[in-house]
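To start, the structure under review is shown below, and the notes come after it.
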Amino acid sequence: MLQRTFKLAEHGTSVRTELLAGVTTFLTMAYIVLVNPAILSTTGMPLAGVAAATCLAAGIGCLLMGFLANYPIALAPGMGLNAYFAFTVVGAMGIPWQTALGLVFVSGVLFLVLTVAGVRQLIVSAIPRALFAAIAAGIGLFIAFIGLRSAGLVVNNDATLVGLGDVHEPTTQLALLGLVILSVLTVLKVRGAIFIGIVATALLGWALGLATWTPQPYSLEDMTGTALQLDIPAALGVGGHGFGLALLEILFIFLFVDLFDNVGTLVAVSKKAGLMRPDGTIPRLNRILFADAGATIVGSLAGTSTVVSYIESASGVSAGGRTGLTAVVVGLLFLATLFVAPWAQAIPAAATAPALILVGAMMMAPLAEIAWDDPVIAIPAFLTLITIPLTFSIANGLAFGVIAYALLKLASRKAAKTDWLLFALAALFLARFVYMAFEA
């Protein structure tokens with residue numbers, strides 16, 4: 001049955017190889033079960049509920065990818081988008097987390113509609129790959145910055161905006177020790193390095209008395225604390241909640257970042273697995289995008305931020321994974337983890353902060369793809385890269401990059417009729433800045 005369902009022989013793989021690949025991928029991305037709740041709980045969302053929702057969304061997303069698209073790609077709530085959800089949408093913009101979940105749901109539905117209409121594919125062709133790389137790296141810096149703050153290594157400074165924290169603080173020292181542990185495990189290519197490092201740092205924290213936790217039994221009510229709590233009417237601006245164009249901006253960012261994240265992951269993993277066609281296209285792309293959209297809808301209903309494809313899937317591909325059976329194995333392991341997920345509340349911030357820093361560092365790799373000697377490419381890419389962490393907003397980085405690229409294409413007389421969508425997007429971003437200026 002597995003041979004027929006996933007066409008194992010056709011892809012030159014076996015059940016045993018796919019099982020091993022699935023376990024490998026799961027271990028490399030299991031850290032999300034601990035890190036995602038740590039980030040989203042800053043909004044006031046019940047931590048145990050977010051942990052359970054993370055496992056459920058990842059589990060169902062992986063199963064959808066495996067059975068629908070037959071790809072060895074795993075899905076889970078995205079790093080970067082969870083930070084945007086927590087620190088920008090809820091923290092800075094003051095939008096209730098229930099409304100933010102409603103926006104995630106609406107974006108998932110829009111993903112489906114845009115996929116059917118072929119618009120997502122059109123947008124992909126309109127944006128230069130250099131901006132894809134800059135956005136990915138910018139989000140990496142954003143995540144690392146949050147980790148540095150959480151670790152106490154970066155603090156507010158009235159003279160310079162930011163400064164070095166107190167490295168004599170015990171929790172900061174624990175975070176630094178955790179960063180060393182995670183880095184060494186990663187360099188030694190230990191499977192599940194990030195997950196193992198987080199747990200090891202937490203154990204050290206408890207042993208040294210730097211972290212306290214009183215084990216408590218959790219109930220079904222705790223696990224479903226975020227389930228079906230989304231506020232769709234508020235997300236659609238119904239009922240006079242007064243968030244106005246802010247809701248459209250958030251939807252736009254959810255759509256764009258998820259789109260770029262998925263395309264980048266698909267290209268990287270497909271190349272590594274030898275699944276890409278000679279002309280550079282990806283087989284069954286629509287099915288992959290459908291799985292992604294469905295997972296985001298499920299995630300919003302369960303109570304977590306946007307679900308995306310994970311680049312850690314490449315570790316499973318390196319272990320021989322070539323079909324959707326790899327993703328199915330990952331999905332089943334996430335669903336099994338569901339029953340212990342609420343224990344994520346036992347992990348102190350000093351243990352998860354190093355993971356954020358390390359994940360941010362590993363997201364810098366796409367910068368090598370940028371032609372830094374070409375100013376038409378380099379300037380928009382740099383503006384995107386630098387404004388995401390420094391303005392604490394993925395939206396601002398995306399806007400600066402697209403506007404700058406469109407202007408420089410015109411100035412260099414390299415614009416073509418096929419760039420109409422790029423200029424339309426630039427005009428929308430420009431209108432956003434004009435609107436913000438008048439609002440101020």
Side-chain angles (χ1 to χ4, degrees), residues 23 25-43 45-59 61-62 74-83 85-87 143-144 146-151 171 174-175 177-179 181-183 185-186 190-207 210-213 215-216 218 222-223 225-226 299 302-305 307-308 310 312 315 330 333-363:
V23 172
T25 296
F26 174 76
L27 287 174
T28 58
M29 60 184 288
Y31 67 86
I32 195 63
V33 179
L34 303 175
V35 176
N36 194 51
I39 291 175
L40 295 189
S41 63
T42 61
T43 66
M45 298 174 73
L47 192 144
V50 176
T54 300
C55 293
L56 186 64
C62 291
L75 301 166
M79 293 293 294
L81 279 173
N82 55 5
F85 181 107
F87 301 108
I143 294 169
I146 292 167
L148 290 167
R149 282 195 357 169
S150 183
T171 53
L174 177 63
L177 181 59
L179 184 58
I181 293 171
L182 266 70
S183 300
L185 290 173
T186 301
V190 174
R191 288 178 182 172
I194 295 177
F195 181 78
I196 294 170
I198 291 174
V199 174
T201 306
L203 289 172
L204 278 173
W206 299 332
L210 300 178
T212 58
W213 176 60
Q216 295 178 349
Y218 56 86
D222 295 326
M223 293 176 67
T226 58
T304 186
S305 52
V307 176
V308 303
Y310 262 61
E312 283 83 351
S315 64
V330 179
L333 289 171
F334 268 117
L335 292 178
T337 308
L338 176 66
F339 300 101
V340 295
W343 288 65
Q345 58 194 302
I347 306 298
T352 54
L356 296 178
I357 298 168
L358 193 62
V359 169
M362 292 189 294
M363 291 179 70

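Numbers here simply count residues along the sequence, with the first being 1.
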Not counting sequence neighbours, which residues clear side chain to side chain donor-acceptor pair (under 3.5 Å) with S305? List them please.
-> none
Identify the two heavy atoms, one from A351 and one from P354, that lie closest to each other, and give their separation to 0.1 Å.
-> O-CD, 3.4 Å
Across all chains, not counting sequence neighbours, the ring-ring contact (aromatic ring centres under 6.0 Å, His included) partners of Y31 are none
Closest approach of T337 to L333 (non-hydrogen atoms, all atoms of both residues) | OG1-O, 2.7 Å
Going from CG on L177 to CG on L204, what distance comes out if it is rounded to the nearest 0.5 angstrom?
-> 5.5 Å
Heavy atoms of A57 and T304 approach each other most closely as CB-CG2, 3.8 Å
To the nearest 0.5 Å, atom CG of L338 lies from atom SG of C55 at 5.5 Å
Distance in Å, L148 CG paired with I357 CD1, rounded so as to fall on 0.5 Å steps = 4.0 Å
Where A355 and I198 come nearest, the two heavy atoms and their spacing = CB-CD1, 3.7 Å
Taken in chain and number order and not counting sequence neighbours, the residues that satisfy side chain to side chain donor-acceptor pair (under 3.5 Å) with N82 are N36
Looking at side-chain heavy atoms only, is the closest gap between T54 and F334 below 4.5 Å?
-> no
Are any of the side-chain heavy atoms of I39 and V50 separated by less than 4.5 Å?
-> no
When rounded to the nearest 0.5 Å, the distance separating OG1 of T201 from CD1 of I181 is 4.0 Å
Residue set satisfying side-chain contact (heavy atoms from CB on, under 4.5 Å) with T42, at least two apart, ordered chain then number -> A86, F87
Mind checking what makes side-chain contact (heavy atoms from CB on, under 4.5 Å) contact with I196, not counting sequence neighbours?
-> L185, V190
Please name all residues satisfying side-chain contact (heavy atoms from CB on, under 4.5 Å) with A353, sequence neighbours left out, ordered by chain then number.
-> S150, A151
Given side chains that start at C-beta, do those of L75 and V308 come closer than 4.5 Å, heavy atoms only?
-> no
With sequence neighbours excluded, residues passing side-chain contact (heavy atoms from CB on, under 4.5 Å) with A76 = M29, I32, A58, Y310
Tell me, please, which residues at least two apart from T25 pass side chain to side chain donor-acceptor pair (under 3.5 Å).
-> none
